[in-house]
Amino acid sequence: RQTPWWSLDSLWEAALWDAARRTNANLLKGPESWTDAVAFSPDGKTLASVDYSRFLVKLWDVSSRRFLGDLRGHTAVARCAAFSPNGKTLASGSHDRTVKLWDLATRTETGSLSNEFAVCSVAFSQDGNTLAAAGDGVALWDVASRQAIKGLMGDTRGVYFVAFSPTGGQVAAGYSDGRVGLWDFA
């Protein structure tokens with residue numbers, strides 16, 4: 001079984017690598033555009049690549065290397081994407097200060113979460129019930145209700161990366177100045 005890995009081969013190509021063999025497995029080529037981020041679905045069958053310059057997310061079938069379609073809806077630079085743990089929803093974040101939620105079966109937008117900052121990173125909790133968005137701050141959202149929930153306390157300015165612990169009990173954030181924050185979350 002191939003263990004896929006990715007890299008940015010140029011400004012508009014995403015490369016899949018066989019991590020076990022350390023060989024290039026193939027390139028996924030689309031229209032010339034800057035690929036800013038990539039994310040694998042939990043089952044490893046779908047890859048989302050974030051198209052920085054065209055404000056969208058591209059979906060790819062990993063085994064066939066076939067382009068599946070675009071998710072369009074952002075009105076500014078798209079920066080990040082994350083699959084829900086069940087693989088049914090994709091969240092994408094943008095400089096338009098929104099997180100878009102996408103139904104992957106229908107490839108339609110199911111929600112738009114407004115933030116006070118441009119979004120550079122998104123992450124789902126392990127149970128898929130909570131979504132974190134980071135930019136020049138951190139916002140937490142209840143996925144089902146699409147409502148903002150209690151934010152992280154303390155200095156969250158300059159936070160550009162966010163992740164949940166595997167147990168869902170903690171949120172980690174990476175700051176632009178090199179600091180890392182860790183919050184208990186229940």
Side-chain angles (χ1 to χ4, degrees), residues 3-9 11 14-17 19-20 22 34-44 46-53 55 57 71 74 76-87 89-102 111-186:
T3 306
W5 185 250
W6 70 272
S7 72
L8 298 179
D9 218 31
L11 294 183
L16 285 175
W17 293 82
R22 292 180 172 78
W34 184 292
T35 300
D36 201 42
V38 293
F40 278 103
S41 62
D43 64 7
T46 305
L47 180 75
S49 63
V50 178
D51 188 322
Y52 181 88
S53 60
F55 312 160
V57 177
L71 303 177
H74 288 294
V77 170
R79 291 297 311 271
C80 55
F83 286 89
S84 64
N86 67 10
T89 302
L90 182 85
S92 62
S94 168
H95 281 197
D96 65 9
R97 298 178 177 227
T98 67
V99 173
K100 302 287 187 187
L101 298 175
W102 306 93
S112 184
L113 311 175
S114 295
N115 290 278
E116 296 177 4
F117 49 82
V119 179
C120 298
S121 177
V122 290
F124 282 94
S125 61
Q126 288 299 89
D127 61 12
N129 294 331
T130 305
L131 180 74
D136 198 24
V138 177
L140 298 174
W141 299 89
D142 178 274
V143 175
S145 70
R146 313 286 199 256
Q147 297 297 311
I149 56 178
K150 180 182 175 183
L152 301 179
M153 303 304 289
D155 179 15
T156 59
R157 291 171 297 157
V159 173
Y160 293 103
F161 303 98
V162 67
F164 282 93
S165 67
T167 61
Q170 292 182 310
V171 176
Y175 289 79
S176 60
D177 64 4
R179 293 178 295 148
V180 174
L182 192 60
W183 289 267
D184 289 326
F185 175 78

Any side-chain heavy atom of [X] sitting closer than 4.5 Å to one from [Y]?
X    : Y    : result
D51  : V57  : no
T46  : F83  : yes
S92  : W102 : yes
T98  : L113 : no
S121 : Y160 : no
R146 : L101 : yes
V162 : V171 : yes

Measure across [X] and [Y] and return the closest heavy-atom pair with its distance rounded to 0.1 Å.
X    : Y    : answer
Q126 : P166 : CG-O, 2.6 Å
S94  : H74  : CB-ND1, 3.0 Å
A81  : A39  : O-CB, 3.6 Å
V119 : A133 : CG1-CB, 4.1 Å
A163 : A123 : CA-CB, 4.1 Å
P85  : S125 : CG-O, 3.3 Å

- About how many Å separate OG of S41 and CG of N86, when rounded to the nearest 0.5 Å?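 The OG atom of S41 is 11.0 Å from CG of N86, to the nearest 0.5 Å.
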- Which distance, rounded to the nearest 0.5 Å, do you find between the CG of L182 and the CD of Q170?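 Going from the CG atom of L182 to the CD atom of Q170 covers 4.0 Å.
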- Query: Which is it for S112 and V99 under the side-chain contact (heavy atoms from CB on, under 4.5 Å) test, yes or no, and what are the steps along the way?
  - Reply: CA-CA 6 Å; S112 184; V99 173; over 6 Å; no
- Message: Quick test of your reading: applying salt bridge (Lys or Arg N to Asp or Glu O under 4.0 Å), list the pairs with at least one residue in residues 125-137, sequence neighbours left out, ordered by first then second residue.
- Response: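 Salt bridge (Lys or Arg N to Asp or Glu O under 4.0 Å) check on residues 125-137 returns no pairs.
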- Item | Option among T130, L90, T89 that satisfies the side-chain contact (heavy atoms from CB on, under 4.5 Å) test with F124 |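 When side-chain contact (heavy atoms from CB on, under 4.5 Å) is applied between F124 and each of T130, L90, T89, only T89 qualifies.
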- Query: With distance as the sole test, does R97 use its side chain to make a donor-acceptor pair with the main-chain N or O of A118 at under 3.5 Å?
  - Reply: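 Looks like no, no N/O pair under 3.5 Å.
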- Item | Neighbour count above 12 (heavy atom, 6.0 Å) for F117 CZ |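 More than 12 heavy atoms, drawn from other residues, nucleotides or ligands, come within 6.0 Å of this atom.
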For a quick test of your reading: what N or O donor-acceptor pairs under 3.5 Å do the side chains of residues 138-145 make, sequence neighbours left out?
from	atom 1	to	atom 2	distance (Å)
D142	OD1	A144	N	3.3
D142	OD1	S145	N	2.7
D142	OD1	S145	OG	2.9
S145	OG	Q147	N	3.3

